Q: 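One structure coming up, written as structure tokens, with questions to follow.
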Amino acid sequence: MGYSDPTAGRDLLGNRSLCFIFICAFGLVTLVQQILYGKNYIKSGQQFTRLKGDEVGNWSGIVSYPDDGGMKPARNGRKRYLDSSDGSLQFNSTACRELRQEIMDVKVLSMVKTSELFERWRNLQACAWEQSKEETNNFKMSLSRCCNAPSFLFTTRRNTPSGTKLRYEVDTSGILHISPEIFKMFPDDMPYSKSQFKKCAVIGNGGIVKNSKCGNEINSADFVFRCNIPPISDKYSVDVGSRTDLVTINPSIITERFQKLEKWRRPFYDVLQNYENSSLVLPAFYNTRNTDVSFRVKYMLDDFGSARGVFFFHPQYLLNTQRFWAVQGVRAKRLSSGLMLATAALELCEEVHLYGFWAFPMNPSGIFVTHHYYDNVKPRPGFHAMPHEIFNFLHMHARGILHVHTGVCR
Amino acid sequence: IMMFLRCHRSKSVWAALCVLVLCWLYIFPVYRMPSDKEIVDEVLRQGQTWRRNQTGIDLYRKLLTECCDPKRMFAVTKENSPLGKVLWYDGELYHYHTVNNETYPFFVQDIPLQLPLKKCSVVGNGGMLKNSACGRDIDQADFVMRCNLPPLSKEYVNDVGTRTHLVTANPSIIEKSFQNLLWSRKAFVESMKAYGSSYIYMPAFSMKPGTDPSLRAYHALADSASNQTVLFANPDFLKKVGHFWKRRGVHGKRLSTGLFLVSLALGLCDEVTAYGFWPFATGLDEQPVSHHYYDNVLPSSGFHAMPEEFLQLWQLHKSGTLRVRVGPCVHHVDE
């Protein structure tokens, strides 16, 4: 009794001083951001709102900021382009250049309110999209330098010889020895080559594609990518089409809905039958849990005598694309499979069209949309950085590298 | 020694000694197994003569019905194992499976057999069958039971026949030969085609590690739209049959599948003929006999008490309750 800790008053680099240092650092970073990007904020007189990409889950219910951007007259007295979604203006006309520049002026997502971004995006819809050869080629060049999908997208017998010690993408300590048995499951070589397809469509599963009537347009593409075996039954095919050439499957779906294929297999096989003769892609070497399930898919299809191609993402390719996008400002624990496919499509196709890529709770006109076109189940927060990915696509759209469809197709 | 013990004058030592001796006698009974040579002689003395004894048949059917009720209980059905019923594993201590929504749909509504069956063949896998030319006799029966997914390929047809109405499948085979059905299942489904539209009788609830492979076998066959029906052995029935034979002096840890099938056949059929039951290394002609008709791999010792089981069968053979065919089948002699 009566004993007191003599060091209690001092707190040499203890909790309190650490806390203080953190607060200082945070304040400093905020200040620097203000200085760097603050000009726009002062000029437009908009309130600076921080919008963290990984808080998607919180957006579902109440809107935490007034969505009045769309109702306001055009900002800075600039003329508003009426009938904004008709795409009547030339992509390279002066007016469109300005509109594109407006999108590209938004350097980071947190710089403007989403409503502001939506308005700029809506205005840009007045311009018919056109591919910019120069930008596209530059982008493809840098992609092929980093990632090289035409030879490294999937594990093949060529790029992964038998006996390789394959490193997993996230379980970096985990190493898989490619036994002859596993080697046998790989294709001889990559089934696709560089810019093999003229027009590709990558279908995200965003609720934005609902009621878009884009089915026919999607079906007319030369190659259609889909993510995570989405439903494409008659109910949805008007909006998302039915053609599928490549579809990814997340092993977690198999684990949850099909008991890892350890029990019944026919139900899963029947689900796959909806996708005509599209190939399947599985991230088998993402982590150790995925491997067995993914191999089982291959075995199952062989058992049922299906000639459907089954491919596994090369872990190195995924790592490289992750690094590539991190440089572009998309930092997440894991890139969405949509972004993976879009990245691959950029190398494999001449022209890439994205449908259903939208990670905001409302569409550009401010109307709420469901999370997926088939359900409204939100993903685990903090896993994907969807808004940042979409934001990147909007930029690329403005630069003429790919075409993001968010409106209704005609 | 007696003097030495007496000088202790301690009753507890005597008691301990008595208990020890009793235990010893229980574990290693004084009853001595006849040697292989004696059994061969005995079998040769009996020769091919066999007379059917209806009273013996009726008696055994009555005994088996009283103890184990094979007609209703031999497989797990929706009738005898409703939802929530606890199935105690017969091969393990303190393990049970409660019939739940997941397993209940796998059970057949009721025993699907047309009872009573007339002539049954129970085919063991003994090496004695090799070059026996018993295939025709086996196939002549109305109901053919086989053990442990035996090979029925071309080279064996003459000796073991082709027809199968019920075949047992040990989960350990699925584990060993088919990687637990976790990977490719084609090999399994293909190999099962040899048994036509027979019932696959699996002791799913005997050993804990056997349950999942057995259920998986069901999945695999149902997925491939096979016309085979999987019946799961009722652990209750297996346990009771085990006790039945233990009382008659079969002391293995566990009965062999063959004896289970013979007991089943005795309960279900009017006339039972057993083929391929010969657990000895030498045949009647003093020539070595392989362990199975398809290979010569001995099982792990100490699990089954095959010779004792054979003696039981031979007793039944002598009493005319069932017929055990040993040695080659000669066609012009019988029937």
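Each chain gets a letter, A, B and so on, in the order the sequences are listed, and its residues count up from 1. Because the structure is a prediction, the values reported are computed rather than measured.
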Q: Please identify, among B/R185, B/E190, B/K186, B/R216, the residue contributing the most non-hydrogen atom pairs under 4.5 Å to chain A.
A: B/R185

Q: Quick check against the 3.5 Å criterion: does B/Q228 have a side-chain atom that pairs as donor or acceptor with the backbone of B/M192?
A: yes

Q: For B/L182, is it the side chain, the backbone, both, or neither that has a heavy atom closer than 4.5 Å to a heavy atom of chain A?
A: both

Q: Just give me the residue among A/E262, A/R296, A/K260, A/R265 that pairs up with chain B most often, heavy atom to heavy atom, under 4.5 Å.
A: A/R265

Q: Shortest non-hydrogen contact from A/L341 to A/C227?
A: CD1-SG, 3.9 Å

Q: Measure distances from A/F304 to the heavy atoms of chain B and classify the residue's part below 4.5 Å as side chain, backbone, both or neither.
A: side chain

Q: Testing the basics here: between B/A233 and B/L238, what is the closest heavy-atom pair and its distance to 0.1 Å?
A: CB-CD1, 3.9 Å

Q: For the residue pair B/N227 and B/S197, confirm or rule out a side-chain donor-acceptor distance under 3.5 Å.
A: no

